[in-house]
There are 2 protein chains.
Amino acid sequence: MVTLSEENYLKAIYHLALRNDEKVSTNAIAQKMQTKASSATDMIKKLSEKGLVDYQKYKGVNLTEKGRLSAVSVIRKHRLWEVFLVDKLSFNWDEVHEVAEQLEHIKSEKLTQQLDAFLNYPTKDPHGDPIPDPSGNMPSTEKVLLAKIENHKHCICIGVKDSSAEFLQYLDKHNIALGTEITIVSKESFDESMTLKINKTPLVISKEVSHNLFVKIN
Amino acid sequence: MVTLSEENYLKAIYHLALRNDEKVSTNAIAQKMQTKASSATDMIKKLSEKGLVDYQKYKGVNLTEKGRLSAVSVIRKHRLWEVFLVDKLSFNWDEVHEVAEQLEHIKSEKLTQQLDAFLNYPTKDPHGDPIPDPSGNMPSTEKVLLAKIENHKHCICIGVKDSSAEFLQYLDKHNIALGTEITIVSKESFDESMTLKINKTPLVISKEVSHNLFVKIN
DNA sequence: ATTTATTTTTAGACAAGACTAAAAATTTAT
DNA sequence: ATAAATTTTTAGTCTTGTCTAAAAATAAAT
């Protein structure tokens with residue numbers, strides 16, 4: 001039995017660990033959960049005892065397969081309910097999140113199955129995020145080069161094409177990491193340079209950078 | 001803000017107080033909630049402080065108007081979701097209760113409104129129970145004489161036609177009170193007598209009894 | 001009208017989840 | 001490489017909702 005709170009933590013860890021093997025820090029979890037680091041530590045221990053995460057003190061956590069399945073199941077329900085709200089109950093796409101945050105915790109295998117069928121087995125939620133299948137497979141989000149993103153869009157860094165030390169150090173220096181949110185402020189067509197905004201800080205990058213960074217739109 | 005537990009207690013009190021002014025005992029609440037009397041007392045105090053029930057020590061509780069509205073709102077949601085599950089997700093009528101017990105606590109005015117519209121403003125749930133309107137009016141359940149109930153049906157005692165002391169004492173003696181659940185085991189056509197089951201105990205009654213007891217089907 | 005039985009309330013404890021403040025470990029910087 | 005800063009953990013407290021055991025109030029019975 002996974003409690004509501006535990007489900008929310010698992011979901012947070014899932015979203016923070018963009019690559020599956022990546023370790024997630026206590027602070028990152030606390031921030032995402034809008035709580036204090038000490039509370040996060042308490043919960044991490046609980047999840048660890050239940051075999052939902054791998055945990056070593058001071059080293060961060062990893063979802064176990066059991067934990068990943070639990071997180072993905074919640075995300076599946078969340079996204080199915082979002083489709084329901086928009087398609088059947090004429091909600092706007094910006095009104096569905098907080099209601100889906102509640103509905104995602106309803107426990108009934110049959111409910112989820114029947115809802116999926118009723119909605120005609122959708123593959124994406126109203127925001128374009130993929131809906132995991134019943135056995136927990138998350139359709140992989142297509143990687144896109146930052147260079148392809150349109151002006152004014154938001155995206156999230158999910159990988160690199162050039163993984164040289166030089167490039168990685170450049171990214172570190174400018175606070176770009178896996179999971180960093182990037183906004184495209186403007187694009188120069190003559191040299192393909194771009195102005196980004198990273199955590200409210202502007203950054204001008206060359207085409208060498210934008211052609212070597214994978215992002216996903218969200 | 002009414003918590004999930006508080007909502008469940010209010011619902012229990014609502015169902016126990018068949019007449020609105022009737023006082024409900026701590027023990028009755030504890031039994032309905034599958035908990036201990038001391039826990040019920042604790043919760044009653046909390047509800048009383050929030051102005052959801054009127055409470056005097058050792059005297060039982062009454063829902064206030066505020067408490068009644070809260071209870072009816074939860075019941076409305078419960079019954080709407082039951083209709084949804086049966087009509088849209090092809091659940092059987094006997095499978096809906098436990099899922100509806102979860103869904104009834106989802107907080108979103110818009111969700112309830114839109115669901116109501118989507119289901120075409122139903123007036124009864126799959127078990128025939130009336131669905132309260134958005135402003136908290138519960139359609140009155142029609143009183144039916146026990147004599148009219150078909151064989152093998154379950155019903156609940158909700159009133160008497162003959163309110164003489166003799167008749168009331170007879171009912172007391174046989175453990176029939178407002179709220180008592182009655183099953184019709186068999187009916188004799190030649191003298192209109194019936195065999196009932198009250199709390200697993202069989203009871204044979206005459207037509208004088210069955211023609212003076214109001215029940216509702218449930 | 002007292003005693004007996006039942007119901008209700010109090011007192012104290014516990015688990016889940018969160019918090020504060022302080023200690024310990026790790027990372028960064030000089 | 002050691003000091004400073006940051007992150008993480010521990011220890012102790014709080015709230016919600018539950019429990020047990022005992023006390024107090026009410027109801028039933030002789």
Side-chain angles (χ1 to χ4, degrees), chain A residues 1-13 16-17 22-62 70 74 101-102 105 107 168-169 172-175 177 179 199, chain B residues 1-13 16-17 22-50 52-62 67 70 74 101-102 105 107 168-169 172-173 175 177 179:
Chain A
M1 181 80 287
V2 182
T3 71
L4 188 145
S5 254
E6 288 166 353
E7 284 187 346
N8 283 331
Y9 272 92
L10 291 173
K11 203 174 41 141
I13 295 167
L16 288 167
E22 213 173 340
K23 297 218 166 162
V24 178
S25 75
T26 301
N27 252 7
I29 295 169
Q31 197 178 325
K32 188 117 190 171
M33 292 301 296
Q34 312 250 61
T35 184
K36 294 297 155 70
S38 53
S39 307
T41 300
D42 289 345
M43 181 54 87
I44 288 164
K45 283 182 187 165
K46 224 168 293 170
L47 295 173
S48 175
E49 271 160 27
K50 287 196 177 184
L52 295 162
V53 298
D54 287 326
Y55 169 55
Q56 301 178 108
K57 277 185 192 178
Y58 298 100
K59 303 287 185 176
V61 293
N62 255 342
S70 187
V74 173
E101 286 287 301
Q102 298 178 61
H105 300 290
K107 284 168 180 47
L168 294 176
Q169 280 162 21
D172 283 345
K173 187 157 62 181
H174 294 97
N175 294 315
N199 296 330
Chain B
M1 181 81 287
V2 182
T3 71
L4 189 143
S5 256
E6 289 166 353
E7 284 187 345
N8 283 330
Y9 272 92
L10 291 173
K11 205 175 37 143
I13 295 168
L16 288 167
E22 213 173 341
K23 296 219 167 164
V24 178
S25 76
T26 303
N27 253 7
I29 295 169
Q31 197 179 325
K32 188 117 190 170
M33 292 301 296
Q34 312 247 63
T35 184
K36 296 296 157 69
S38 54
S39 307
T41 301
D42 288 345
M43 181 56 86
I44 288 165
K45 284 182 187 165
K46 226 168 291 169
L47 295 173
S48 175
E49 272 160 28
K50 288 195 178 186
L52 295 161
V53 299
D54 286 327
Y55 169 58
Q56 301 177 106
K57 278 187 191 178
Y58 298 100
K59 303 287 185 177
V61 292
N62 255 343
S70 188
V74 173
E101 285 287 301
Q102 297 178 62
H105 300 291
K107 283 166 181 53
L168 294 175
Q169 280 160 22
D172 284 342
K173 186 157 63 181
N175 295 315

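Convention: sequence-line order gives letters A, B, ...; per-chain numbering from 1.
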A/K50 side chain to A/M1 backbone, donor-acceptor under 3.5 Å: yes
A/Y9 side-chain N/O to C/dA18 phosphate OP1/OP2 under 4.0 Å: yes
Phosphate-side-chain proximity, A/K45 and D/dT10, N/O vs OP1/OP2 below 4.0 Å: yes
[X] versus [Y], closest heavy-atom pair with distance:
X	Y	value
A/A17	A/E22	CB-O, 3.9 Å
B/L10	B/S70	CD1-OG, 3.6 Å
A/V2	A/E7	CG1-CG, 3.7 Å
A/Q102	B/H105	OE1-O, 4.2 Å
A/Q56	A/K23	NE2-NZ, 3.4 Å

Integer-rounded Å distance: [N] [atom2] and [X] [atom1]:
X	N	atom1	atom2	result
B/E7	D/dG17	CD	C1'	15 Å
A/D42	D/dT9	CG	P	10 Å
A/Q56	D/dT9	CD	P	11 Å
B/K46	D/dT15	NZ	P	12 Å
A/N8	C/dA18	CG	P	9 Å

Sugar-phosphate only, base, or nothing, as touched by A/T41 at under 4.0 Å among non-hydrogen atoms: base
Residue closer to the 5' end of DNA chain C, B/I44 versus A/L4 (nearest nucleotide): B/I44
Any B/Y9 side-chain heavy atom under 4.5 Å of B/I29 side chain: yes
By side-chain hydrogen bond (donor to acceptor under 3.5 Å, both in side chains) - contacts of B/K59 (at least two apart): none
Can you check nucleotides 22-30 of chain D for protein contacts, nitrogen or oxygen pairs under 3.5 Å, and list what you find?
{"residue": "D/dA25", "atom": "O4'", "partner": "B/Y58", "partner atom": "OH", "Å": "3.4"}

Interface with DNA chain D, restricted to residues 26-39 of chain A and to heavy atoms under 4.0 Å: A/T26, A/N27, A/A37, A/S38
Identified side chain to side chain contact (heavy atoms under 4.5 Å, CB included) counterpart of B/L47 within the set B/V61, B/D54, B/I13, B/D42: B/I13
